[in-house]
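Everything on this sheet refers to the single structure shown next.
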Amino acid sequence: MNKTDLFLKAIEEVKHKDIPAEVMERTKLALLDYIGVTLAGLHEHRAKVDSLVESFCESEGTIRPIGLNVPMSMNNAVFLNGLNGHALDFDDGTNAGIIHLGSPLFSVLLALAQKYPVSGEQLLKAAVLGYETSFTMAMTIQPTHKQRGYHATATCGLLGIAVAVSELLGFNDKQRKDAFSTAAACATGTLKVLEDGSQLKPFNVGKTALLGLIATQMATAGFDTADDALAGMAGFLSQMYGSEDVEFAPTLLNGTYAVQKAYIKPYAACRYTHPSIDVARDLRAQGMIPVEEIERVHIKTYALAVKKHDHTDIKGSASAKMSIPYNFAVTYVLGRTGMEAFTEDSLNNPDVQALTKKIVTTEDAAMTAAFPKETIATVEVTLKDGRVISGKSILPKGEPENPLSRQEAIDKFTALAIYGGKTEAQAAAIAEAVLNVENRLDELTALL
């Protein structure tokens, strides 16, 4: 077997296992979380999305993107789902694979569910396999992949879409390999989108959802592909990792499914900021000290969190979501950790701005060595009178070891759905449909 065959064989072995009930339940929460962040993401940049829809110049279509009662082509709907799903950077993911898992996958699967007679159980199983595919490849090539400038959500996420759609639509072995190989051939996604206040990070997810769909469409159309898309000088591994000489990470790593390894974010910012947000919440609860009495703040964390996340020059909401100093400051000063943390009011708050400038973020070698098993941050606040207060977070809220409860996940969804324009009753109906999606998929797609 070549490398592509070996990788797909490992995923095929997962496919033939009986997925435990708790894994399916966890996948429902992942789906619910995705819908919530997508509805809220659409609201956040609605004017831009409306402009995109107008530019599509379509008079016909049957697929409606999440939150938009505008029928359009499958491809355009999938792109918008992905764009909106990552707009807030509030979607799930894993620190271990340095990847957002759900937003690319569900962006495609929910659109396809409007066209094809699939069941909710089929959708959940397809998602489980997609998560496993994306995560396994990410674990294989990270952190080298990120260090080379790639966004694994876009690259490895594309492979997960190909496998998930193949499962959902019942592809034969050749179609599945062709879809996977086409996805591998067009995988792309640069982390340049994090720089200079760029708003293009969600574009990577929208583009990936679209390319994943197209890869599966190419396979069903009968286009043949390279026999080993992962190997060779021009193969996925050489391009994304720098060498094809790599051993694949095992599927079901440490005995759990990838979807069980994913965090659900409690805070609407980059996951790398969350340990310091936890500390800011703790320190604020102990009694907030006026910003003018603070001399400096020193945050220590692991290396990958520091790079491109230590900036104190905040150029809009996209830049703020990526900044450890800003998120510590807005949490400590205003107690804001959701979408309200990135409004003009929050961004322009003089105390938030002043405290942000007083914060220095540096790497701690021991924390770097502990990552990704632990995602640690320590905070040392030095006051002008010489006193020092400090705090530490090892596993931020939302990690599998420190998870949101089922009700907390539902509450997060409800808040996001209402922010995205749904009524409380509509949000409750969507949540009920998701949590019983095996029998209510058609109802769910109509509610969205």
With a sphere of 6.0 Å drawn around CD of Gln199, does it hold more than 12 non-hydrogen atoms of other residues, nucleotides or ligands? no
Could you label the plane-to-plane angle of the His309 and Tyr272 rings as parallel, tilted or perpendicular, counting under 30° as parallel and over 60° as perpendicular? perpendicular
So Ile359 and Tyr332, do their side chains get closer than 4.5 Å, heavy atoms only? no
CD of Glu424: more than 12 outside heavy atoms within 6.0 angstrom? no
Donor-acceptor pair between Tyr131 and Asp92 side chains, under 3.5 angstrom: yes
Is the distance between the ring centroids of Phe180 and Phe7 under 6.0 Å? yes
More than 12 heavy atoms of other residues, nucleotides or ligands under 6.0 Å from NZ of Lys300: is that the case? no
Check whether Thr140 reaches the backbone of Thr136 with its side chain - one donor and one acceptor, N or O, closer than 3.5 Å. yes
Without swapping roles, check the side chain of Asp196 against the backbone of Ser198 for a donor-acceptor pair under 3.5 Å. no
Does Arg406 CZ have over 12 foreign heavy atoms under 6.0 Å away? no
Are any non-hydrogen side-chain atoms of Thr362 and Val306 less than 4.5 angstrom apart? no
Ring centroid separation for His43 and Tyr419, is it under 6.0 angstrom? yes
Within this structure, what is the CD1-OG distance for the pair Ile376 and Ser276, rounded to the nearest 0.5 Å? 13.5 Å
Could you please spell out the steps behind the side chain to side chain contact (heavy atoms under 4.5 Å, CB included) verdict for Ile35 and Leu110? CA-CA 10 Å; Ile35 292 170; Leu110 281 175; 4.1 Å; yes
Is there a donor-acceptor pair under 3.5 Å between the side chain of Thr94 and the backbone N or O of Lys261? no
Take Ser319 and Tyr326 through the side-chain hydrogen bond (donor to acceptor under 3.5 Å, both in side chains) test and state the conclusion after the steps. CA-CA 9 Å; Ser319 172; Tyr326 174 83; over 6 Å; no
Keeping the roles fixed (side chain from Thr343, backbone from Glu340), state whether a donor-acceptor pair exists under 3.5 Å. yes
Can you give me the closest heavy-atom contact between Lys321 and Ala268, atom names plus distance? CG-O, 3.9 Å
CA sep, side-chain torsions, deciding dist, call: Gln175, Thr220, side-chain hydrogen bond (donor to acceptor under 3.5 Å, both in side chains): CA-CA 6 Å; Gln175 289 174 321; Thr220 56; over 6 Å; no
Close side-chain approach of Ile63 to Lys115, heavy-atom, < 4.5 Å: yes
Okay, side chain of Glu401, backbone of Glu399: is any donor-acceptor separation there less than 3.5 Å? no
Show the nearest heavy-atom pair for residues Leu88 and Val37, with the distance to one decimal. CD1-O, 4.1 Å
Would Arg271 and Asp91 pass as an ion pair if we require N to O under 4.0 Å? no
Is Lys412 positioned over the aromatic face of Phe90, cation under 6.0 angstrom from the ring centre and no more than 45 degrees off axis? yes
Give a yes or no on whether the backbone of Ala154 and the side-chain of Thr208 come within a donor-acceptor separation of less than 3.5 Å. yes
Under the side chain to side chain contact (heavy atoms under 4.5 Å, CB included) rule, what do Leu213 and Phe79 come out as? Steps first, then yes or no, please. CA-CA 9 Å; Leu213 175 65; Phe79 172 77; over 6 Å; no
Side chain of Asn204, backbone of Thr190: donor and acceptor closer than 3.5 Å? yes
Got a donor-acceptor contact below 3.5 angstrom from the Asn348 side chain to the Glu344 backbone? yes
Could you go through Ile299 and Val360, starting from their C-alpha distance and side-chain angles, then the distance that decides it, and tell me whether this counts as side chain to side chain contact (heavy atoms under 4.5 Å, CB included)? CA-CA 6 Å; Ile299 298 176; Val360 174; over 6 Å; no
Distance-only polar pair, side chains of Gln407 and Asp411, donor-acceptor under 3.5 Å: yes
Under a 4.0 Å threshold between the charged nitrogen and the carboxylate oxygen, would Asp89 count as salt-bridged to Lys265? yes
Do the side chains of Thr378 and Asp364 get nearer than 4.5 Å, heavy atoms only? no
For Ala96 and Pro372, which heavy atoms make the closest approach, and how far apart are they? CA-CB, 3.5 Å
Taking atom CZ as the centre, does Arg281 end up with more than 12 heavy-atom neighbours from other residues, nucleotides or ligands that are less than 6.0 angstrom away? no
Backbone N or O of Ala219 within a donor-acceptor pair of the Asp178 side chain at under 3.5 Å? no
Could you tell me which non-hydrogen atom of Thr155 sits nearest to which non-hydrogen atom of His145, and how far apart they are? OG1-NE2, 2.7 Å
Quick one, Asn436 with Glu443, criterion side-chain hydrogen bond (donor to acceptor under 3.5 Å, both in side chains). Give me CA distance, side-chain angles, the key distance, then yes/no. CA-CA 10 Å; Asn436 296 279; Glu443 179 184 346; over 6 Å; no
Side-chain donor/acceptor of Arg296 to backbone N/O of Lys358, under 3.5 Å: no
If I compare all heavy atoms of Ala329 with all of Thr356, which pair ends up nearest, and what's the gap? CB-OG1, 3.3 Å
What closest approach, in Å, do Phe328 and Leu283 show between heavy atoms, and which atom pair accounts for it? CZ-CD1, 4.2 Å
Would you indicate whether the side-chain heavy atoms of Gln114 and Met74 approach each other to under 4.5 Å? no
Report yes if some heavy atom in the side chain of Leu123 is under 4.5 Å from a heavy atom in the side chain of Leu441; otherwise report no. yes
Spatial distance of atom CD (Gln122) from atom CD (Glu167) [nearest 0.5 Å]: 8.0 Å
Residue of the set Leu168, Leu105, Val163, Thr251 for which side chain to side chain contact (heavy atoms under 4.5 Å, CB included) holds with Leu129: Val163
When Ile99, Leu211, Val205 are each screened for side chain to side chain contact (heavy atoms under 4.5 Å, CB included) with Pro104, the one that passes is Val205
Ion pair check, Asp278 and Lys397, cut-off under 4.0 Å: no
side-chain hydrogen bond (donor to acceptor under 3.5 Å, both in side chains) assessment of His86 paired with Thr153: CA-CA 10 Å; His86 197 52; Thr153 305; 5.6 Å; no
Heavy-atom distance under 4.5 Å between the side chains of Arg336 and Asp345, does that happen here? yes
Would you kindly say whether Ser119 and Glu438 are connected by a side-chain donor-acceptor distance under 3.5 Å? no
Run the side chain to side chain contact (heavy atoms under 4.5 Å, CB included) test on Leu68 and Leu80 for me, step by step, so that the C-alpha distance in whole Å, both residues' side-chain angles and the decisive distance to 0.1 Å come before the verdict. CA-CA 10 Å; Leu68 278 174; Leu80 290 179; 4.2 Å; yes
Is the number of heavy atoms from other residues, nucleotides or ligands under 6.0 Å of Glu121 CD greater than 12? no
Begin with the C-alpha distance, continue with both residues' side-chain angles, and end with the deciding distance and a verdict on ring pair (Phe, Tyr, Trp, His ring centres under 6.0 Å) for Phe135 and Tyr257. CA-CA 10 Å; Phe135 178 78; Tyr257 285 77; over 10 Å; no
Distance, nearest 0.5 Å, that separates CD1 of Ile66 from OG1 of Thr38: 5.0 Å
